[in-house]
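Atom set for the values below is all heavy atoms of this structure, side chains included, hydrogens, waters and symmetry mates excluded.
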There are 2 protein chains.
Amino acid sequence: MVIEAVSPRVDAGRFPAKAVVGDPFVVSATVFSHGHDVVRAFVRVRPAGGAAWQRTTMSGLGNDAFRAVVVPEEPGRLEVEVLGEVDELATWRRDASRRVDAGRYDQNDAISGAELLEAVAERLGASGESLGRAGAAALEPARLAAMLRELAGRLAAAQSAPAVAAVLQELVAFDDALSARSPDTAAPAAERFEVAVQRELAACSSWYECFPRSTSPDRSRPGTLRDLIAQLDYVADLGFDLLYLPPIHPIGVTARKGPNNTAAGGPDAVGSPWAIGNSHGGHTAVAPELGTIEDFDALVSEAARRGIEIALDLAFQCSPDHPWVHQHPDWFAHRPDGTIACAENPPKRYEDVYPIDFATADREGLYRELLDVVRFWHGRGVRTFRVDNPHTKPFDFWEWLIAAVHAEDPGVIFLAEAFTRPAVMHRLAKLGFDQSYTYFTWRDTKWELTEYLGELAHGPGAAYFRGNLWPNTPDILAKSLQRGGRPSFVVRLVLAACGSANYGIYGPMFELLFDRPAAPGSEEYLDSEKYEVRHFDLEDPRGIASVIRRLNGARRTHPALRRDASLRFHEIDNDQLICWSKRDPQTGDAVCCVVNLDPHWTQSGFVALDLDALGLSAHEPFVVRDLLDDRAYVWNGSRNFVVLEPGRDNAHVLAIEPLNGPGSP
Amino acid sequence: MVIEAVSPRVDAGRFPAKAVVGDPFVVSATVFSHGHDVVRAFVRVRPAGGAAWQRTTMSGLGNDAFRAVVVPEEPGRLEVEVLGEVDELATWRRDASRRVDAGRYDQNDAISGAELLEAVAERLGASGESLGRAGAAALEPARLAAMLRELAGRLAAAQSAPAVAAVLQELVAFDDALSARSPDTAAPAAERFEVAVQRELAACSSWYECFPRSTSPDRSRPGTLRDLIAQLDYVADLGFDLLYLPPIHPIGVTARKGPNNTAAGGPDAVGSPWAIGNSHGGHTAVAPELGTIEDFDALVSEAARRGIEIALDLAFQCSPDHPWVHQHPDWFAHRPDGTIACAENPPKRYEDVYPIDFATADREGLYRELLDVVRFWHGRGVRTFRVDNPHTKPFDFWEWLIAAVHAEDPGVIFLAEAFTRPAVMHRLAKLGFDQSYTYFTWRDTKWELTEYLGELAHGPGAAYFRGNLWPNTPDILAKSLQRGGRPSFVVRLVLAACGSANYGIYGPMFELLFDRPAAPGSEEYLDSEKYEVRHFDLEDPRGIASVIRRLNGARRTHPALRRDASLRFHEIDNDQLICWSKRDPQTGDAVCCVVNLDPHWTQSGFVALDLDALGLSAHEPFVVRDLLDDRAYVWNGSRNFVVLEPGRDNAHVLAIEPLNGPGSP
């Protein structure tokens, strides 16, 4: 027996594939033997290390391809096995049918068939397993075995082709039961792989990032965690699932950065939150200027009351004032003169940050301490972590850390902030990161977006890499946002929120349309919150909070938008217009988006919809309802006209509805 | 260090990739580490189990991709390893350059660089290895080490950015030597795979199949091996590399088939050569009616004198009269009544053949005997075997047998006659078969041919599956040949001989244009040689021997036709015309074929050549010389007109030549 092309197996089983609780998960394989025998294939699954397997008979698709669907029930590691064996009874039935069709009778052959049938009856009677809920499969195993034995007896006694044919005909009624039976072979051929099952938030999430110190309603002082609690209603009203905070730990005092990343911050500087640690503590402390650990606890529980999870930043690096620098000098690389090297990406230097030396001789102590950091915050209710620059730490560290955390709570979600080469980003996803930042921020044209979003949804990495699309971050004020004003913000938002089930924005900079860079040609924000406290007017009517609210609402009510596997781009005869759709295979819910990538000029064109991808007929008109403004239009067939005028309509997010449904125009 | 996407590794290294002596063989991989360090990658190869590795430094292609070319020197199994390590010296050089470009000087940094350079010099001096033939790489290792040490000293003493920059600048002259040096790491990361290297005949071969008993010049008696020897000049004149003979062993007498596969052959029947074995012997005997083992030896040596290899048929099955049936009854499956089951593919039965039961308890004895069959004929000079129905025997048998034979002579070639499902055919190729029959015989239309020949040349199986294209076989008189007369024979011949480096015909049926099936709708030949003796007039002027001679000549003189990797189809605006080319990357030799798939009507059209694939410029006319009739035409640019009239010209096989070359029109 050969079992090949097992899917979704990542790197020949070296890494687990990814799945989500409740989502049907297709296992496929090529299963065959030499010769012409009929083959049976099965999938069986169990929680990793668990005892009880659950078995499904795979369906044959022709040319030795088999497939089965598994629906994971809880987060955690699943062991999956594809099994294969020759089905001697089915082989005999096929060959005997051909013989009797040709009018041939052969007593030896009838006896062989009777022996095979007898053996199957024997095993069925002994197993006592339940085979199904209808027909012969629903029979008591002992009763079923007796019926098969009776047929075996008639076969052994058959004296003519018609007598054999009659038994073969009666056997058809037992097909379901026979197909559901356990493998006949004691140890069938098997190929194993693992699947990392996550809770749904790993597959569908909207993130809102903000700096707690910029949440003060009082312009004379910085914000605190208590101020952030007061802003939770705002975040909940926008409809986000996650509130992600840059590091909230004590900030180093040595070489503090000043506003706009100036070298010497001076006495008034607040410093970068990523320069972690001072005399008040390190990675498990709350910066005193933000509040107390009790304030943090309150934030977590108040957020939870509003359906929001708090996500923390795991930035494994230290300010020169971090307690570890003194307690564990061997965790840092020393230079020939005995000083510790600051972080550097030549010619850039980060004087306020010491990188941790993961090649330290005290690897064990270091790894344990870092795991304890995650455990500490997990113990306070945090189940989602955005990981800062994971690609600058060893791969085996992350694989170990994530496995250790998932062993305690498989629902903890890790988002990799690795803006680096594709192979490295994919490696991090394979070794355990649940989500990853992407190149979306720099993909602007129709061709780039079609190619890249298509790759994320359908490329070879789709089995393990979940992209999270961010139009902006504190480090990246995208060029497109600098150039296109409000229309660009709306366009990038729709692309992210409807092009991917996972997306996030860095606010309030985003919804308030901040678009001034630190310098011409730079992607850094002017007066970046990384180095100073900002104050925002969240009520500013020029902002796009209402669009965000609409999109997050659409994501909640339209299952089509909650997964990426069905993503499909549709032809549209204008390079400034991009059109894509998603469709939920369970409910049939479908959403079709059209976006004007040109922030300055009205663009129009004819879209050529792939009606099959939308579950539509070519012969019946249908309604498209814009989820951004509730306007509805009747469309007809594949070819439909769209015009989008920047400032008025930058995008359509169209729910597909039947023509005579409730509220049709 | 991570080494991923190693190519060409088959099934994660479970099977060897295939290569040919003298053919450049590209090894590629994605090699990276965490962080931003510079990575070096190497390929090293050695004969499997051998001691001495040969190392090549891989070239970086960007985005962590690396590549190197290996040229295997002899047949056999090669071990290949891709190695990777962080190049600390190169990392330091890159970072130090950026620092000095920014005008920064840092004594710690200069000292670190000096230490790295010193360490490399130390290893180079100790290794004594030769690094290259030019520049610093050609220096004596000790001299090179001394020069690097001198630079290290200057670096350690440098007191300014310009002083460091000067050393960095001088190091550039050592780039080749540094890149060629051994890995710095004692045990760099490594990924291994194997490559099965064959002699060139495995990659490029033309086969002629014929029945020795049909070679008699005297119509009153069957042919013998001596008659076949007399026909060797004919085969050599046609230009074939291999003469393949159906089984030449004693033929069973029980249930002999009569002409046209009638059930009872009667006393005059000659029987099917595939019903192997009678009282005169089995798989290691020559049928007395064909001659003696000495005649066979003479055939092998006379063929060799003409540059022709004899290929034998390995049909591991027995007539009921085979010596094994009596000596080893346990090698055959018995039915409930104690009789042995004849071969069967219901409803078809082969009463004259007993299949061997590979599940016998005496597996060891059986396997050894079958290996001894191969050894016997190999001992008499046979190095190529066409294997009958390998897919009906266990995969592990073939993997074992082929490995055992290749351990003694890695140049033995096995052609799999497995007309079955794709997964099974690919498995046989992976486990060791050097060539495989294909679906070509049933691929007729332009779309089918484009898709299938493209798959063979470039599909995922190209690393291990070498298709051998046959327009006909004794079992398959293709429908296209039955319908199209002479033009169809020419067309199928050109498609096979120029579409694939490996091809064969079953003659003289083919070149004499036999096209009558046993029955309407059947692919069996009427009066098939499988069941009776035939006599042919090889001088018949209506045949297409002259076309075969031309094509085999073209295959010998044009390296473009000797490999398939460069196969490229070109657009042509007529669905009855198909156009493809091949180009030899070493010599630049290019051949472009245009075939009229319509055997009845003249077809014309404009071809749109991919000039890049042919190594041509868009701005210079070129000559195309038809290798079938020596006519030459001047073509210009991509778009050129072609007209093909069945009966006159069925195909062009155009060598591309420069306009003012010797003999230009």
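The shortest distance between side-chain heavy atoms of A:R427 and B:F32 falls below 4.5 Å. When side chains are defined from C-beta on, B:N63 counts as touching A:P422, because their heavy atoms get closer than 4.5 Å. The shortest side-chain heavy-atom distance between A:H36 and B:T392 falls under the 4.5 Å cut-off.
By the side-chain contact (heavy atoms from CB on, under 4.5 Å) test, A:R192 is found to be paired with A:R46, A:W53, A:E79, A:E81, residues two or more places apart in sequence or in another chain being considered.
Close approach to chain A, defined as a heavy atom under 4.5 Å from one of its heavy atoms, is seen in B:R335, B:P336, B:D337, B:T339 of residues 333-342 of chain B, taken by number.
By the 6.0 Å contact criterion, CD on A:E85 is enclosed, its count of non-hydrogen atoms from other residues, nucleotides or ligands being greater than 12. Around atom CD of A:E417, more than 12 heavy atoms belonging to other residues, nucleotides or ligands sit under 6.0 Å away.
By the 4.0 Å N-to-carboxylate-O rule, B:E4 lies too far from A:R14 to be salt-bridged with it. Ion pair A:E344/B:R98 not flagged as a salt bridge, since none of the NZ, NE, NH1 or NH2 atoms sits closer than 4.0 Å to an Asp/Glu carboxylate oxygen.
Looking only at heavy-atom pairs under 4.5 Å with chain A, the residue among B:A65, B:G35, B:S112 that has the most is B:G35. Per-residue heavy-atom pair counts under 4.5 Å with chain B were compared for A:P394, A:A5, A:A102, and the maximum is reached by A:P394. Counting heavy-atom pairs closer than 4.5 Å to chain B, the top residue among A:D95, A:N108, A:D396 is A:N108. Among the candidates B:A96, B:G62, B:S33, the residue making the largest number of heavy-atom pairs closer than 4.5 Å to chain A is B:S33. By number of non-hydrogen pairs under 4.5 angstrom with chain A, the leading residue of B:D11, B:D106, B:V100, B:L428 is B:D106.
If you measure heavy-atom distances from B:N389 to chain A, you find no contacts under 4.5 Å at all. Of the atoms belonging to A:K348, not a single heavy atom falls under 4.5 Å from chain B. Heavy atoms closer than 4.5 Å to chain A are found in the side chain of B:V2, but not in its backbone. Contact annotation for A:D37: neither backbone nor side-chain heavy atoms come within less than 4.5 Å of a heavy atom of chain B. Looking at B:A423, both its backbone and its side chain come within 4.5 Å of chain A, counting heavy atoms on both sides. Only the side chain of A:T30 comes within contact range of chain B, judged by heavy atoms closer than 4.5 Å.
Remark: side-chain polar atoms of A:R99 are not paired, donor with acceptor, to backbone N or O of B:P346 under 3.5 angstrom.
In this structure, the separation between CG on A:D64 and OG1 on B:T420 is 7.5 Å, given to the nearest 0.5 Å.
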